Amino acid sequence: KPKAIIIGAGIAGIASAIRLAIKGYQVDVFEANSKAGGKLGEIKTNGFRFDAGPSLFTMPQYVDELFKLAGKDPEDYFKYIKLKEICRYFYEDGLRLNATADLDKFARDIEEKTHSTAAEVQRYLKKSETIYDVTHRVFLERSLHKLKSYLHWDTLKSIFRFGQIDAFRTQAMANQAFFKDGRITQLFNRYATYNGSDPYQAPATLNVIPHFEYHFGAFIPKDGMYGIVSALVKLAEELAIRFHYSQKVEEILYTDAGKPKTKGVKVNDKIYKADIVISNLDIWFTYKNLLKGIAEPKKLLTQERSSSALIFYWGMDSNYSELGLHNIFFTEDYQKEFNAIWKDKTVSSDPTVYINISSKHIRTDAPAHAENWFVMINVPANTGQNWDQLIKEAKVNIIKKISRILNRNIEKDIICEQILDPRTIESKTGSYQGALYGNSSNNQFSAFLRHSNFSSKVKNLYFCGGSVHPGGGIPLALLSAKIIDDDIRLVV
Ligand code: FAD
């Protein structure tokens, strides 16, 4: 059998491994950590279980597809439910909105409680659908770096409709024009943060993101987000894929006669041979640490990184009936918050706070009468800020904000705490500067300034994951594995 080596057992690395095993390769996955998952990790402490990274699950069909490709029934491995309530929104002025999967209900709620109308919401979501229709085949599902992608009729049709993707004004500008009520503009501006960007700089094309959530739906895996990893690793092991944990790859090896071609990798000074190598690492570290002697694509690697996150994992000794699975507590001044992150590279004193409580659905994630709070704010990527000080200040501001809005002292309920910040995101998952989603999407050309899924310098070397095309987040990371799969010759 031909051999493939995957570096990193992040979600895209596991998906690539499964796809190659199905193609007939003998696949070995080398992972620096002692467990699979990368950013999609989990924390267990004091009777609480937390998903460490992603908490919102969209496009589950991309996970199901992997089981189907292997000839299995996804239901036998991986169960999830569609959420009826997507997110609860809390504003400082007392406004509370409930984004339900029933869009008419959500739009009516907005009309009843704000100056915006249900028709505005419907027009906005229609626009979101149009942007999806025009962009998904070109920007998400195919390589942007192969001529053959542009020779598809549907790609050409999309290119003729590019005027509709709203690339020449910012998302915040577009949304302000859509909604009479600033609080609804704010609600939809938040989608820029789904790929770590700034709505006041990013193109309005990012208004495609709500389509994923409101049209395809938001989901929760029955075993939590880490359940995605466990189910895929189980499938991978059944396909005879070998996982080598706590094995950090030191170098990608290639032939030097003629056009370089991958030969394998070096781990702990030992050489492992392979016909194909796929790196699931952050592309920045792939070039800096593993690809010795290959010129770096400087322009791509020096793009601005996406934002990072500061997360408090709090075991809460109480139940909060006002809260749901996903909750947002908005800042009073969104532009000021984004200026703090992007211009001053610091943490806002009034940050928008996201609280995810998986125990609302998965009772075993917290002891009885308790809840597991994943409390996250957006912060800049790590460029050497004084994080210890910023974390201390942020904790005080977050506790004050939630207590104020819920009119209840939340601090006394915190019985255990763990913290993840940009420094530890970088050290634990190998993400340069702790960025959650690779490069930011703060300009119209971002899609073209992400690294391709293959190397133009080393034959049979591929790149998958959130730092390369088509971008960050679980669905896009899974699509990167699919694009590589489409490019690799069928072996059996
Ligand atoms: P990564 O998760 O980046 O994994 C890379 C792997 O490579 C790691 O396991 C690492 O240990 C390993 N590695 C590194 N160096 C080496 C080496 N030299 N040798 C061997 N192995 C190595 N996405 C969503 O869809 N929804 C969300 O709600 C969401 N929220 C997020 C919240 C947070 C706090 C974070 C951190 C991310 C969030 N994301 C979310 C983004 C999502 O987690 C990522 O886009 C996705 O998991 C990236 O997967 P990946 O395949 O790029 O691999």
Side-chain angles (χ1 to χ4, degrees), residues 5-17 28-41 43 50-60 62-63 87 193-196 209 212-213 218-220 225-226 228-229 232 243-252 265-268 277-286 288-291 306-313 325-326 354 356 358 374-379 381 420-422 424-432 434-438 463-468 470-481:
I5 286 178
I6 318 286
I7 311 170
I11 189 75
I14 305 170
S16 303
D28 285 272
V29 181
F30 290 91
E31 165 54 53
N33 286 336
S34 57
K35 276 174 91 173
K39 295 189 185 71
L40 236 173
I43 296 170
F50 298 89
D51 283 306
S55 53
L56 176 69
F57 184 36
T58 53
M59 307 300 266
Y62 295 157
V63 178
C87 188
T193 66
Y194 279 37
N195 67 9
I209 299 172
F212 286 86
E213 201 169 280
F219 300 81
I220 180 167
M225 297 298 284
Y226 197 72
I228 306 172
V229 175
L232 289 178
F243 286 86
H244 310 267
Y245 295 113
S246 306
Q247 300 284 315
K248 190 169 179 176
V249 172
E250 289 147 7
E251 194 175 342
I252 295 171
V265 298
K266 194 157 96 186
V267 187
N268 291 328
V277 173
I278 302 180
S279 174
N280 179 210
L281 256 72
D282 191 312
I283 191 73
W284 199 89
F285 283 117
T286 303
K288 295 284 174 192
N289 295 343
L290 303 190
L291 270 176
S306 76
S307 53
S308 186
L310 169 60
I311 306 149
F312 297 92
Y313 307 88
L325 173 66
H326 301 289
Y354 165 64
N356 173 255
S358 68
F374 165 110
V375 181
M376 177 179 131
I377 59 171
N378 295 310
V379 302
L420 197 66
D421 64 57
T424 41
I425 293 174
E426 174 162 338
S427 62
K428 289 186 173 171
T429 74
S431 179
Y432 178 51
L436 303 192
Y437 304 97
F463 310 106
C464 66
S467 69
V468 294
I474 298 168
L476 302 197
L478 288 170
L479 284 177
S480 70

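What you see is a predicted model, and the numbers here were worked out from it, not measured in a lab. All ligand and atom numbering here is 1-based and tracks the order in the structure.
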Among protein heavy atoms, which lies nearest atom 30 (N) of ligand 1, and at what distance? P54 CA, 3.2 Å
Cation-pi, Y226 ring and K35 (6.0 angstrom, 45 degrees): yes
Who's the nearest protein heavy-atom neighbour of atom 3 (O) of ligand 1, and how far? K39 NZ, 2.6 Å
Who's the nearest protein heavy-atom neighbour of atom 19 (N) of ligand 1, and how far? V249 N, 2.9 Å
Quick check: A9 and ligand 1, any N/O pair under 3.5 Å apart? no
If we count only N and O atoms by modelled type, under 3.5 Å, do the side chains of Y354 and S55 hold a donor and an acceptor together? yes
Test of proximity, G473 against ligand 1: N or O pairs below 3.5 Å: yes
Is the closest heavy-atom distance from S431 to ligand 1 below 4.0 Å? no
Under 4.0 Å to a heavy atom of G37 - the qualifying atoms of ligand 1, by number: 2 (O)
Return the closest protein heavy atom for atom 7 (O) of ligand 1 as residue, atom name and distance. G8 CA, 3.4 Å
Tell me the contacting part of Y437 for ligand 1: side chain, backbone, both, or neither, using a 4.0 Å heavy-atom threshold, strictly below. side chain
Within reach of ligand 1, part of I311 (heavy-atom separation under 4.0 Å): side chain
Which residue holds the protein heavy atom closest to atom 4 (O) of ligand 1, what is that atom called, and what is the gap in Å? G10 CA, 3.5 Å
Say whether T429, considering both its backbone and side-chain N or O atoms, lies within less than 3.5 Å of an N or O atom on ligand 1. no
Look at atom 13 (N) of ligand 1 and say which protein heavy atom is nearest, naming residue and atom and giving the distance to 0.1 Å. L281 CD1, 3.8 Å
Short N/O distance, under 3.5 Å, between A477 and ligand 1? no
